[in-house]
Undergrad: 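A single structure is presented below for examination.
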Amino acid sequence: MTIMQVQQQQPEQVRVGRRIALALTGFIHRFRFALWGILGAALVFLVGYFGWSEITRRQSADATLRVEQAQEIYDSWLAETDTAKKEAIQKDLLERLDGLVKRPGRLYGSQRALLLRADLRFELAAWDEAAADYRELARRFPASYLAPIALFNAATCIEEKADREGAAALYKDIVTRWKGTSVAPRALFALGRLAEDAGTWDEAKSRYEQLDAEWPSSGWTQLAKNRLIALKVAGKIQ
C-alpha cells in the first residue's frame, strides 16, 4: 500500500470512528435512566452482598466461640462428681446448646452444638434423644466429616434399645453413602457382628470378607479376619 493510499484511508477511518462514538453517545443518552437504574441496582446488590457476607462471618465466628465455651463446660460436667453441681452445669450447658442448635443456616457452631448435645444425652443414656440429635446432624450437614460419625453413634444408641434392625439400617447407610470415610469399615464390621448375634453365619462371613476385599489395610479388617477364623473353628462357616 502506497503512502497516498494510507493518507486516503485515514479520513475514512476517522469518520467511521466518529460515527461509532456518536451512536454510542446517542444510545447512552437515550437509555440513560435505564442504565442508571441498572448501575444503581448493581451497587445495591454489591453493598447488600458484602454486608450479608460480613454478617454471616460474624455469626459464624460468634457461634464457633460459643460452642468452644460449651465444650469446656461439657468437659467440666464430665469431670464433676458433686451431684448438685453437676445438675446445675448440665442445665446451663443444655440452654447454651439449645440456643446454638436453633440458629439458622449451616454454621459450624450449630453443627458442633448438635454433636455436643447428642454426646451429653448419650452420657445420660437418653438413647432416643441422643439418636435424634446424631441423625439430625447427619441430615443437616451431610457433607461434614462429622456426618458419618454421628450416624454411627445414632446406630449405637439404637442398639442400646435392642433395635438391631434399626441399627443395621444406619450401618448400611454409612457403608453406602460414606464409603470413602474411615467410619465405613467400622460400620461394616458392626454389620458382621450383628449378623453373628442373630445367628446368620453366612451373612456374617459375607460382611467380614467384604471388609477384607474393600478395606484390606483397615484395623477393622484384621478383627474381621480373626472373627472368620473363630467362626470356622466353631464350625459355623466353611
Undergrad: What pair of heavy atoms forms the shortest contact from Pro148 to Val183, and how long is it?
TA: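 Smallest heavy-atom distance, with atoms named: O-CG1, 3.8 Å.
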Undergrad: Looking only at heavy atoms, which two atoms of Val175 and Leu188 are closest? And how far apart?
TA: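 Residues Val175 and Leu188, closest heavy atoms: CG2-N, 3.8 Å.
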Undergrad: Report the C-alpha distance between Leu124 and Gln90 in whole Å, list the side-chain angles of each, state the deciding distance to 0.1 Å, and finish with yes or no for side-chain contact (heavy atoms from CB on, under 4.5 Å).
TA: CA-CA 10 Å; Leu124 295 170; Gln90 178 182 316; 3.7 Å; yes
Undergrad: Less than 4.0 Å between a side-chain N and a carboxylate O, is that true for Lys91 and Glu95?
TA: yes
Undergrad: Roughly how far apart are Glu196 CD and Ile237 CD1, rounded to 0.5 Å?
TA: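 If I round to the nearest 0.5 Å, the distance is 8.5 Å.
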Undergrad: What heavy-atom pair brings Ala204 and Leu231 nearest, and what distance separates the two atoms?
TA: CB-CD1, 4.4 Å
Undergrad: Measure across Ala130 and Cys157 and return the closest heavy-atom pair with its distance rounded to 0.1 Å.
TA: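 That closest heavy-atom pairing would be CB-SG, 3.7 Å.
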Undergrad: Can you find a pair of side-chain heavy atoms, one from Leu194 and one from Arg207, that are under 4.5 Å apart?
TA: no
Undergrad: Is there a side-chain contact between Arg140 and Ser110 (heavy atoms, below 4.5 Å)?
TA: yes
Undergrad: Count the heavy atoms belonging to other residues, nucleotides or ligands that lie under 6.0 Å from CD of Glu165, then report whether that count exceeds 12.
TA: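 No.
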Undergrad: Atom NZ in Lys172, atom OG1 in Thr176: separation rounded to 0.5 Å?
TA: 9.0 Å
Undergrad: Would you confirm whether Thr181, through its side chain, and Trp178, through its main-chain N or O, come within 3.5 Å as a donor-acceptor pair?
TA: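 Confirmed, Thr181 side chain pairs with Trp178 backbone.
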Undergrad: Should Glu68 and Arg112 count as an ion pair when the cut-off is N to O under 4.0 Å?
TA: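 The answer is yes: the pair qualifies as a salt bridge.
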Undergrad: Test ring pair (Phe, Tyr, Trp, His ring centres under 6.0 Å) on Phe189 and Tyr208 and set out the steps.
TA: CA-CA 7 Å; Phe189 182 85; Tyr208 292 145; 5.5 Å; yes
Undergrad: Indicate yes or no: at least one non-hydrogen side-chain atom of Arg193 is less than 4.5 angstrom from one of Tyr171.
TA: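 They are in contact (side-chain heavy atoms under 4.5 Å apart), so the answer is yes.
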Undergrad: How many angstroms lie between CG in Leu151 and CG in Leu170, if you round to the nearest 0.5 Å?
TA: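 Separation between the atoms: 5.0 Å.
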Undergrad: So Leu93 and Arg117, do their side chains get closer than 4.5 Å, heavy atoms only?
TA: no
Undergrad: Ser218 versus Arg186: any side-chain heavy-atom pair under 4.5 Å?
TA: no
Undergrad: If I take atom CZ from residue Arg135 and atom CD1 from residue Ile158, how far apart are they, to the nearest 0.5 angstrom?
TA: 5.0 Å
Undergrad: First locate atom CG of Leu228, then atom OG1 of Thr221, and finally report the distance between them rounded to the nearest 0.5 Å.
TA: 10.5 Å
Undergrad: What distance separates Leu116 CG from Leu100 CG, expressed to the nearest 0.5 Å?
TA: 9.0 Å
Undergrad: Using a strict cut-off of less than 4.0 Å between a Lys/Arg side-chain nitrogen and an Asp/Glu carboxylate oxygen, indicate whether Glu209 and Lys225 qualify as a salt bridge.
TA: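 So Glu209 does not pair with Lys225 through a salt bridge.
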Undergrad: Does the pair Lys179 and Glu214 meet the rule for a salt bridge (Lys or Arg N to Asp or Glu O under 4.0 Å), with working shown?
TA: CA-CA 10 Å; Lys179 188 174 181 179; Glu214 297 184 10; 3.5 Å; yes
Undergrad: So which atom in Asp119 and which in Tyr134 form the shortest heavy-atom distance, rounded to 0.1 Å?
TA: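 Closest pair (atom of Asp119, atom of Tyr134, distance): OD1-OH, 2.5 Å.
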Undergrad: For Lys86, I'd like to know if atom NZ has over 12 heavy atoms of other residues, nucleotides or ligands within 6.0 Å.
TA: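 Enclosed.
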Undergrad: Any chance CZ of Arg121 has more than 12 other-residue heavy atoms, nucleotides or ligands included, within less than 6.0 Å?
TA: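 Yes, enclosed.
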Undergrad: Output yes when a side-chain donor or acceptor of Thr156 lies under 3.5 Å from a complementary backbone atom of Phe152, and no otherwise.
TA: yes
Undergrad: Using side-chain contact (heavy atoms from CB on, under 4.5 Å), reason through Arg96 and Asp92 one step at a time and then give a plain yes or no.
TA: CA-CA 6 Å; Arg96 291 170 180 263; Asp92 175 50; 3.1 Å; yes
Undergrad: Do Ser76 and Ile89 make a side-chain contact, defined as non-hydrogen atoms from C-beta onward lying under 4.5 Å apart?
TA: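 Side chain of Ser76 against side chain of Ile89, heavy atoms only: contact under 4.5 Å found.
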Undergrad: Show your working on side-chain contact (heavy atoms from CB on, under 4.5 Å) between Gln71 and Tyr74 and close with a plain yes or no.
TA: CA-CA 5 Å; Gln71 179 69 61; Tyr74 175 76; 3.7 Å; yes
Undergrad: Are Ile229 and Arg227 packed together at the side-chain level, in the sense that at least one heavy-atom pair is separated by less than 4.5 angstrom?
TA: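 When only atoms from C-beta onward are counted, Arg227 and Ile229 do not touch, as no gap falls below 4.5 Å.
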Undergrad: Kindly give the heavy-atom pair with the smallest separation between Val67 and Ala113, and that separation in Å.
TA: CG2-N, 3.6 Å
Undergrad: Output yes when Arg139 and Glu136 qualify as a salt bridge under the 4.0 Å nitrogen-oxygen rule, no when they do not.
TA: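 Yes, this pair counts.
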